[in-house]
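Heads up, the thing below is written out as C-alpha cells.
Reminder, nothing fancy here: chain letters follow the sequence lines and each chain counts from 1.
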There are 2 protein chains.
Amino acid sequence: MTRPSTTADDILDCARTLIVSGGYNGFSYADIAAVVGIRKASIHHHFPAKSDLVRTLVARYRAEAAAGIGAVDRNVPDPLNQLRAYVGYWEACIADASAPFCLCALLACEIPVLPADVVAEVRAHFRTFSGWLTKVLARGVAEGRLRLTGTPEAEAEAFLATVHGAMLSARAYGDPSMFATITHPLLERLVRPH
Amino acid sequence: MTRPSTTADDILDCARTLIVSGGYNGFSYADIAAVVGIRKASIHHHFPAKSDLVRTLVARYRAEAAAGIGAVDRNVPDPLNQLRAYVGYWEACIADASAPFCLCALLACEIPVLPADVVAEVRAHFRTFSGWLTKVLARGVAEGRLRLTGTPEAEAEAFLATVHGAMLSARAYGDPSMFATITHPLLERLVRPH
DNA sequence: GTCAGTCTGCCTACTAGAAGGTAGGTATGT
DNA sequence: ACATACCTACCTTCTAGTAGGCAGACTGAC
C-alpha cells in the first residue's frame with residue numbers, strides 16, 4: 001500500500017467530474033488546474049497526455065466498480081436485491097448530483113472520437129456489467145425469485161441499456177426523479193409473483 | 001417555396017454527422033469547411049455563432065422528426081406497428097451507419113456544457129417523443145392491442161430510455177445488432193396475447 | 001434597356017484566446 | 001546523488017469569431 005501524494009487522485013477526481021458533465025472534449029488541463037490549485041504543466045507530470053489521464057481514470061473507475069460488484073455479491077444474498085442495490089446506488093448519485101452520470105456511459109457516447117486505448121477500457125466496462133447482470137439474472141431465475149421473458153444475456157443487455165437511458169432522460173428533463181420513474185418498474189417487472 | 005442555395009443545408013448535414021459522431025465539442029468550423037468545400041469564415045456568414053448553427057440544426061431535426069411521426073400516424077394504423085416503425089427506423093440507420101445515434105440523445109449527454117437555447121430544443125425533442133409514445137401506448141391499450149404494466153406515461157419514458165440505451169450499447173460494443181437485441185424483446189413484451 | 005444601389009455568398013487576412021504539450025529550472029525529501 | 005513534485009516560460013496548433021473586399025444576381029428609377 002504505497003501512499004503517494006494525493007495530487008494525482010485529486011486530478012483524477014476532478015477530471016471525472018468534468019467528464020461526467022461534458023465529455024472528453026468538454027474539459028481541458030486548464031480547467032483541472034484551476035480546480036485542483038496546480039499549474040497546467042504540473043498535470044503533465046502526472047499524466048503526460050490527456051489520453052493517459054482518461055485511460056487511467058477509466059481503469060480506476062472500473063476497479064471501483066468491480067469492488068462495488070464484489071461488495072454487493074458478498075453482502076446482498078438475494079439477486080433481486082442485488083439489482084435494487086445497483087439501481088439504488090445510481091439513484092442516490094443522481095439525486096444528490098454527486099455523479100449524475102456513469103463515466104463510461106458518457107464516454108461511450110463519444111467513442112468515434114476517443115483514443116483507442118480509452119475505447120478499450122470503456123468497452124470492457126460494458127462487458128463487465130452485462131456479464132455481472134447476466135449472472136445475477138440467471139441466479140434469480142434458478143432460485144425462483146426472478147421471472148425473465150428472454151435469455152439472461154438479452155435481459156441483462158436490456159437492463160443495462162434502460163439504466164443508461166434513464167440517466168440520459170433524467171439529464172434531458174433536468175429531473176433526477178425521472179431515473180426512478182423508469183428504473184423502478186423495470187425492477188418490479190422482474191419480480192416473480194409468489 | 002424559396003429555393004435558396006443548398007450551402008446552408010450542406011453545412012447542417014455535415015454538422016449533424018459530426019455531432020452524432022463526437023458531440024458539440026467534438027467538431028469545429030474547420031472540420032465542416034473541409035467537408036463542405038467552403039472557407040471557415042463563410043460558415044459564419046450562414047451561422048454567426050456555433051450555438052446558432054447547432055440550435056438551427058436541432059430545430060430542423062425536430063421538424064423532420066415531427067414529419068416522421070406525422071407520416072407514421074397517417075400510414076400505420078396499428079399502434080404496435082407504429083412502435084415497430086419507430087424502432088425499425090433507428091435499426092436501419094444504425095445498421096447502415098448513416099446516422100448511428102439520435103442527434104438529441106447525444107446532445108442530451110452534454111447538456112451541462114451546452115448553450116441554453118440548444119438545451120431548450122433538445123429538451124423539447126424529448127417531450128415531443130415521450131408525448132407521442134404515451135399517446136400511441138394509450139391507444140394500443142384502448143384498442144386491446146397492447147398490454148402495459150404501468151401508466152402509458154411511465155411506459156413511454158421507459159420505452160424511450162431503452163431505445164436510447166440500446167443506441168449507446170450498440171456503439172459501446174461496436175455492434176449494430178445489439179440495438180435489435182435490446183429493442184425487439186422490448187416490443188414483444190408489449191404485445192397483448194390473444 | 002440600362003444604370004445605380006443593394007443584397008447575397010463567398011473570399012483573404014486577421015485577431016485573441018485556448019488547446020495540448022515541452023524545456024528547463026527549483027525546492028524538498030530519501 | 002537522486003527522484004519527486006511542482007514551478008515559470010514557452011511553443012505550436014487550433015478555436016470561434018471579425019473586418020473588409022469582391023463578384024454576381026436582383027431591384028427599382030429613369
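Counting only distance, with no hydrogens or angles, the side chain of B:S98 and the backbone of B:I94 share no donor-acceptor pair below 3.5 Å.
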Taking only nitrogen or oxygen atoms into account, show me every contact under 3.5 Å that the protein makes with nucleotides 25-30 of chain C, one pair per line with its distance.
none

| request: Mind running ring-ring contact (aromatic ring centres under 6.0 Å, His included) on A:F47 and A:Y29 for me, showing each step along the way? | output: CA-CA 10 Å; A:F47 307 100; A:Y29 272 35; 8.1 Å; no
Can you list, pair by pair, the side-chain donor-acceptor contacts under 3.5 Å of residues 170-179 of chain A, counting residues two or more places apart and other chains?
| residue | atom | partner | partner atom | Å |
| --- | --- | --- | --- | --- |
| A:R171 | NH1 | A:V20 | O | 3.0 |
| A:R171 | NH1 | B:C109 | O | 2.6 |
| A:R171 | NH2 | A:V20 | O | 3.1 |
| A:Y173 | OH | B:F126 | O | 3.3 |
| A:Y173 | OH | B:S130 | OG | 3.2 |
| A:Y173 | OH | B:E157 | OE1 | 3.1 |
| A:Y173 | OH | B:E157 | OE2 | 3.2 |
| A:D175 | OD1 | A:S177 | N | 3.0 |
| A:D175 | OD1 | A:S177 | OG | 2.8 |
| A:D175 | OD2 | A:S177 | OG | 3.2 |

Table please: side-chain donor-acceptor pairs of residues 111-120 of chain B below 3.5 Å, with sequence neighbours left out.
| residue | atom | partner | partner atom | Å |
| --- | --- | --- | --- | --- |
| B:D117 | OD2 | B:R55 | NE | 2.8 |

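Atom CZ of A:R60 and atom CG of A:D9 lie 5.5 Å apart (nearest 0.5 Å). Atoms CG and CG, on A:L137 and A:L83 in that order, are 5.5 Å from each other to the nearest 0.5 Å. Rounding to the nearest 0.5 Å gives a distance of 10.5 Å between CZ of A:R62 and CZ of A:R127.
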| said: Protein within reach of the bases, or only the backbone? For nucleotides 13-19 of chain D, mark each nucleotide 5' to 3' as B, S or -, using heavy atoms under 4.0 Å. | reply: --SBBB-
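In the region residues 109-121 of chain A, proximity to DNA chain C at under 4.0 angstrom, judged on heavy atoms, holds for none of the residues.
Atom P of nucleotide C:dT12 and atom CZ of B:R39 are separated by 4 Å, given to the nearest angstrom. One atom, CD1 of B:I43, and another, P of C:dC10, lie 10 Å apart when rounded to the nearest Å. Computed from coordinates, the A:H46 NE2 to C:dG20 C1' distance equals 17 Å when rounded to whole Å. We find that NE2 of B:H45 is positioned 14 Å from C1' of D:dG21, with the value rounded to whole Å. Summarising the geometry, the separation between CG on A:L53 and P on C:dA19 is reported as 14 Å, rounded to the nearest angstrom.
Closest non-hydrogen pair, A:C102 versus A:W90, comes out as CA-CH2, 3.3 Å. Of all heavy-atom pairs between B:C14 and B:I32, the closest is SG-CA, 3.9 Å. For A:A65 against A:H125, the heavy-atom pair with the smallest separation is CB-CE1, 4.2 Å.
For B:S42 and C:dG9, the shortest distance from a side-chain N or O to OP1 or OP2 is not below 4.0 Å.
Using a cutoff of 4.0 Å between basic side-chain nitrogens and carboxylate oxygens, B:E64 and B:R16 are scored as salt-bridged. Using a 4.0 Å cut-off between charged nitrogen and carboxylate oxygen, B:R147 and B:E155 do not count as a salt-bridge pair. Of the charged side-chain nitrogens involved, at least one lies within less than 4.0 Å of a carboxylate oxygen, so that A:R84 and A:E188 count as a salt-bridged pair.
In the helix from C:dG1-D:dC30 to C:dA18-D:dT13, the terminal helix axes, each the rotation mapping four pairs' C1' atoms onto the next four within five end pairs, subtend 10°, rounded to 10°.
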